[in-house]
Amino acid sequence: MKTVIAIIVIILGAAFFVHWQSPQWLNDFLPATDRQTETFGQMPELNKQSPWVAGFGKVEPVSQKRHLAFEISGLLEEVLVKEGDTVQQGQEVAKLRDDEYSARLDAARSDAQALKAQYDKLMAGARQEEKTETLSVVQRTKSVMENARVEMKRRKELLAQNLIAKEEVDRTETEYLVAEKEYEEARQRYLVMKNFSRKEDIATAWAQYEAAVQNALDMQAQLEKTRLRSPVAGKVLRVHRQPGENVSIFFECPVLTVADISRYQIRAEINEKYAALLEPGQKAYFTSEAFGSSRFEGRIERVGYMTGPKTVTLDLPQEKADTKVIETIISLDSQDGLVTGLTGDVFILTNENSGQIRTQVENTTDNQ
């Protein structure tokens, strides 16, 4: 019994000591309310009558970042650029091991050549003069047919844009069908003249040859997919994979991040309750601890059309994670020294008469 009483006394004493010392502990470990950083001291005073609205922002390229990845899975053989390199649109920046794809392409080309030789063998047989004459007719009618096909396709595209009448498309389709029939008749006359080979054998050989050519083109396209090319001109911001690593199409697996950083902008997040105060053209500036008291002046380029959760956070205990914000794009007058991803504070000068609107908004929020 005495032991229990002693434990209770100790617990009560410890609780009293913590209660007595807690104010001093908070004063020692939390920042004083009368202190402020040099950057924060340069900021305009924000109150219910102030025309200024503040928020957080992040530096990003005007041309959004592109995360480059392969269309197929494989083993990364080589990365041809490094971080900070300038790349041009269409430039090859990485490649996968392509031994298997190269072998498939060589085999497909060999098959096509063999089938072409078989077709040529079947075609040889008629007198050269007759063969030349009928072949010229086939070539001429084929050229007419191809021209009619191109014209028909072009007319259909114009019709899709409502630039011409449907009757013109119908006319070109009729011309194409007539040209196709004339070409087929000329081709059949040419084949009939080949007494040494049946026209069915020739047609089969040609179909096999065309299929082999298409297969070779498919293998060429597959081989091209082992090359990663930049879709835009810009700089390499990050290299995510190194040679020897596997890449897959079954999960997000970027190899490089590329962006055009010749121009930067600020993607600011402003509390949704001030959305009615924001308009394109309003003056704004961006500050960051990395640049001390320096300001990067600019104007609102675009205001978002919907709100959403915050994406720029400062990891502070008092920060509200569930605050809804509206994104605002700010174009900058000067961007010397800025880097992609830098975060900081954004201040926007709204209309001069917005102080009363701001007061009404905040009073309504407080009442709720």
Side-chain angles (χ1 to χ4, degrees), residues 70-74 90 92 95-161 164 166-229 249:
F70 287 97
E71 296 182 54
I72 57 176
S73 302
E92 183 178 336
K95 63 180 181 179
L96 299 176
R97 180 175 294 175
D98 61 0
D99 300 349
E100 181 179 353
Y101 294 99
S102 296
R104 291 179 182 177
L105 177 59
D106 292 340
R109 286 174 173 172
S110 297
D111 291 343
Q113 291 175 358
L115 291 171
K116 181 62 165 61
Q118 179 67 21
Y119 172 76
D120 291 340
K121 180 179 179 180
L122 292 173
M123 289 294 293
R127 289 184 300 173
Q128 187 62 37
E129 296 81 3
E130 296 174 342
K131 181 179 178 180
T132 301
E133 180 180 356
T134 54
L135 181 61
S136 64
V137 176
V138 171
Q139 292 174 342
R140 177 176 58 79
T141 55
K142 182 178 181 180
S143 177
V144 173
M145 181 187 68
E146 292 296 336
N147 291 335
R149 177 186 297 167
V150 171
E151 182 63 17
M152 178 182 66
K153 181 179 178 182
R154 189 177 72 86
R155 294 286 180 173
K156 287 183 177 180
E157 291 175 350
L158 293 175
L159 177 62
Q161 301 174 19
I164 61 174
K166 187 176 184 303
E167 289 75 10
E168 294 191 38
V169 176
D170 295 338
R171 179 176 55 80
T172 55
E173 286 180 346
T174 301
E175 292 174 353
Y176 168 69
L177 293 175
V178 172
E180 184 182 44
K181 182 178 179 181
E182 292 177 352
Y183 166 69
E184 185 61 26
E185 290 175 351
R187 183 169 174 269
Q188 291 298 329
R189 285 194 299 270
Y190 179 73
L191 295 176
V192 169
M193 191 175 54
K194 307 300 182 182
N195 297 323
F196 295 94
S197 300
R198 293 184 306 172
K199 62 179 181 179
E200 293 83 358
D201 296 335
I202 295 176
T204 300
W206 179 255
Q208 291 174 344
Y209 168 66
E210 286 189 325
V213 170
Q214 185 59 51
N215 183 51
L217 293 176
D218 292 342
M219 292 300 102
Q220 177 67 47
Q222 288 295 317
L223 179 62
E224 179 61 25
K225 290 181 180 180
T226 64
R227 274 41 176 182
L228 183 62
R229 303 182 185 277
I249 60 174

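Quick caveat, the model's predicted, so the values are computed rather than measured.
- A distance of 3.5 Å separates CD1 in I72 from OH in Y101, rounded to the nearest 0.5 Å.
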### Task
Walk me through it: do E184 and M145 pass the test side-chain contact (heavy atoms from CB on, under 4.5 Å)?
CA-CA 10 Å; E184 185 61 26; M145 181 187 68; over 6 Å; no
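- Going from atom NZ of K95 over to atom CG of L228 covers 12.5 Å, rounded to the nearest 0.5 Å.
- Salt bridge E100/R104: present, at least one basic N to carboxylate O contact under 4.0 Å.
- Atom CD of residue E182 and atom CZ of residue R140 lie 8.0 Å apart, to the nearest 0.5 angstrom.
- Taking Y183 as the reference, nothing meets the ring-ring contact (aromatic ring centres under 6.0 Å, His included) condition, with sequence neighbours excluded.
- For the pairing with Y209, the side chain to side chain contact (heavy atoms under 4.5 Å, CB included) check across T204, L115, D120, D111 returns one residue only, L115.
- A pairwise comparison of heavy atoms in A179 and A148 identifies CB-CB, 4.3 Å as the closest pair.
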### Task
Might you work through the side-chain contact (heavy atoms from CB on, under 4.5 Å) test for W206 and R187, ending with a clear yes or no?
CA-CA 12 Å; W206 179 255; R187 183 169 174 269; 4.0 Å; yes
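- For residues 205-224, the pairs satisfying salt bridge (Lys or Arg N to Asp or Glu O under 4.0 Å) are E224-R229, with sequence neighbours left out.
- Side-chain contact between V213 and K116 is absent, with no heavy-atom pair separated by less than 4.5 Å.
- Take D106 and apply the salt bridge (Lys or Arg N to Asp or Glu O under 4.0 Å) test, not counting sequence neighbours, and it matches no residue.
- Atom CD of Q222 is separated from atom CE of M219 by 6.0 Å, given to the nearest 0.5 angstrom.
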### Task
Could you please spell out the steps behind the side-chain contact (heavy atoms from CB on, under 4.5 Å) verdict for L217 and Q214?
CA-CA 5 Å; L217 293 176; Q214 185 59 51; 4.2 Å; yes
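- Using a distance-only test at 3.5 Å, with no hydrogens or angles considered, a donor-acceptor pair links the side chain of T226 to the main chain of L223.
- In this structure, the side chain of N215 does not engage the main chain of A211 through any donor-acceptor pair within 3.5 Å.
- Salt-bridge annotation for R171 and E167: absent, with no side-chain N of the basic residue lying under 4.0 Å from a carboxylate O of the acidic one.
- Salt bridge absent: E157 and R154 never bring a charged side-chain N and a carboxylate O closer than 4.0 Å.
- Of all the heavy atoms in F70 and R227, the pair that sits closest is CE2-C, 3.9 Å.
- Looking at every heavy atom in both residues, T172 comes nearest to E151 through CG2-CG, 4.0 Å.
- For the pair Q220 and L105, the tightest heavy-atom approach, listed with the atom from each and the gap, is OE1-CD2, 3.2 Å.
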### Task
Output, in order, the C-alpha distance, side-chain angles, deciding distance and verdict of side-chain contact (heavy atoms from CB on, under 4.5 Å) for E185 and T141.
CA-CA 9 Å; E185 290 175 351; T141 55; over 6 Å; no
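- Between V150 and K153, every side-chain heavy-atom pair lies at or beyond the 4.5 Å cut-off.
- E180 and R149 are not joined by a salt bridge, as no carboxylate oxygen comes within less than 4.0 angstrom of a charged side-chain nitrogen.
- In this structure, the separation between NZ on K156 and CD on E173 is 4.5 Å, given to the nearest 0.5 Å.
- One distance of note links CD1 of I202 with CD of Q188; it measures 9.5 Å at 0.5 Å rounding.
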